[in-house]
Amino acid sequence: RWFAGGRQGDSLRAMVMHMKKLCVGITSIEHLEDSVQRRSEPDHPLTGEDFTYITTRTRPQQWESIKNGGSLYWIIERRLCCRQEIIDFREGNKRDGTPAWHIDLRSEVIPVDISWHRPFQGWRYLPLKDVPADVKRQLGAHNPLDDEFPHELRRELTDLGLW
């Protein structure tokens, strides 16, 4: 479909927002995948799929654009290196009962091109110009074995400027 400004799909893609967050206590993508698997819950109310969630004090102001195809990009040991697709935001509570927001995430952890990041607290928006490419989509078509490349080795090669 066409409407002012171009095709509908192009307009929706331009409106999608992403987030980034430090992955505290996690040392690799594999470690994050293990954590997600342990914390995974079945039957998300919107999609019926397995999901996991994180809790944040406040809901992002751009939450509608984020849940419309956005992802949470994880920074592990000062490197933005993977993402999880965001399903929804819902009201909830922290462990101590304080009101908070849950960010529901698909269980799949998707590796991305690694980039350096300074530490920060909470979460931040990730500008579209800074969104890294997915590793699987980039390499998987050429060599399926690259999809299983260990994060630690990818990180070392990136640090040396070889990845």
Side-chain angles (χ1 to χ4, degrees), residues 12-47 49-139 147 149-159 163:
L12 290 176
R13 260 193 302 279
M15 294 171 59
V16 171
M17 299 282 296
H18 302 283
M19 299 170 66
K20 61 183 176 179
K21 183 167 176 37
L22 298 180
C23 202
V24 179
I26 300 292
T27 58
S28 68
I29 293 175
E30 294 81 8
H31 189 186
L32 176 61
E33 288 172 329
D34 290 343
S35 174
V36 166
Q37 187 175 22
R38 281 192 317 277
R39 297 180 309 111
S40 185
E41 297 187 19
D43 304 325
H44 188 274
L46 293 178
T47 64
E49 65 188 299
D50 289 352
F51 74 104
T52 188
Y53 68 90
I54 62 166
T55 303
T56 186
R57 189 169 35 97
T58 59
R59 181 180 68 186
Q61 292 180 349
Q62 304 288 331
W63 70 277
E64 289 175 317
S65 296
I66 295 170
K67 80 173 202 168
N68 186 21
S71 289
L72 179 63
Y73 285 80
W74 288 110
I75 299 170
I76 299 173
E77 294 186 335
R78 296 185 143 196
R79 294 164 187 91
L80 189 146
C81 57
C82 60
R83 69 182 179 93
Q84 286 180 273
E85 294 175 347
I86 295 173
I87 300 171
D88 200 9
F89 293 83
R90 56 190 169 89
E91 291 183 79
N93 294 307
K94 293 182 181 179
R95 290 184 183 173
D96 66 3
T98 308
W101 284 90
H102 296 312
I103 303 173
D104 295 341
L105 306 166
R106 287 200 163 78
S107 292
E108 181 183 15
V109 176
I110 302 166
V112 299
D113 286 339
I114 295 173
S115 60
W116 289 91
H117 279 268
R118 287 194 271 199
F120 55 86
Q121 289 187 328
W123 54 266
R124 300 283 186 269
Y125 292 114
L126 180 63
L128 288 176
K129 67 179 180 61
D130 295 336
V131 171
D134 291 350
V135 170
K136 286 184 179 181
R137 291 186 186 143
Q138 181 181 16
L139 298 173
D147 290 346
F149 217 69
H151 168 72
E152 192 170 320
L153 184 54
R154 243 179 10 108
R155 187 179 66 201
E156 296 277 334
L157 291 172
T158 299
D159 290 352
W163 183 273

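The first residue in the sequence is number 1, and the count goes up from there. No experiment lies behind these values; they were computed from the predicted model shown.
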So His44 and Asp88, side-chain contact (heavy atoms from CB on, under 4.5 Å) or not? Walk me through it.
CA-CA 10 Å; His44 188 274; Asp88 200 9; 4.2 Å; yes
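- Minimum interatomic distance between Tyr125 and Gln61 (heavy atoms only, all atoms of both residues): OH-N, 3.2 Å.
- In this structure, Ile87 and Leu105 have side chains that are not in contact, with every pair of non-hydrogen atoms separated by 4.5 Å or more.
- Taken from CD in Glu77 to OG in Ser28, the straight-line distance is 8.0 Å, to the nearest 0.5 Å.
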Dump the intermediate steps for side-chain contact (heavy atoms from CB on, under 4.5 Å) on Val36 and Gln84, then the final yes or no.
CA-CA 10 Å; Val36 166; Gln84 286 180 273; 3.7 Å; yes
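- Rounding to the nearest 0.5 Å places SG of Cys23 at 10.0 Å from CD1 of Ile75.
- The minimum heavy-atom distance between Ile66 and Ile86, with the atom names listed, is CG2-CD1, 3.2 Å.
- With values rounded to the nearest 0.5 angstrom, Lys67 atom NZ is found 11.0 Å from Ser65 atom OG.
- We find the CZ-NE2 distance between Arg124 and His117 to be 12.0 Å, quoted to the nearest 0.5 Å.
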Enumerate donor-acceptor pairs with a distance under 3.5 Å from any side-chain N or O in residues 51-60 to protein atoms, sequence neighbours excluded.
| residue | atom | partner | partner atom | Å |
| --- | --- | --- | --- | --- |
| Thr52 | OG1 | Arg39 | NH1 | 3.4 |
| Thr55 | OG1 | His102 | ND1 | 3.0 |
| Thr56 | OG1 | Trp123 | NE1 | 3.3 |

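- A heavy-atom distance below 4.5 Å is found between the side chains of Pro119 and Arg78.
- Listed by first then second residue, pairs satisfying ring pair (Phe, Tyr, Trp, His ring centres under 6.0 Å) with a partner in residues 55-89 read His18-Tyr73, not counting sequence neighbours.
- Note that CG of Asp134 is 10.5 Å distant from SG of Cys82, once rounded to the nearest 0.5 Å.
- In Glu41, the CD atom is crowded: over 12 heavy atoms of neighbouring residues, nucleotides or ligands sit closer than 6.0 Å.
- Residue Asp50 comes nearest to Pro42 through the heavy atom pair OD1-CA, 3.4 Å, listed as atom of the first residue, atom of the second, then distance.
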Might you work through the side-chain contact (heavy atoms from CB on, under 4.5 Å) test for Ile103 and Met19, ending with a clear yes or no?
CA-CA 11 Å; Ile103 303 173; Met19 299 170 66; 3.8 Å; yes
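- Annotation: salt bridge (Lys or Arg N to Asp or Glu O under 4.0 Å) contacts involving residues 94-105, sequence neighbours excluded, comprise Arg90-Asp104.
- When each of Asp34, Val112, Val109, Ile114 is checked for a side chain to side chain contact (heavy atoms under 4.5 Å, CB included) with Ile29, only Val109 meets the rule.
- If you take NZ on Lys21 and CG on Leu80, they are separated by 13.5 Å, rounding to the nearest 0.5 Å.
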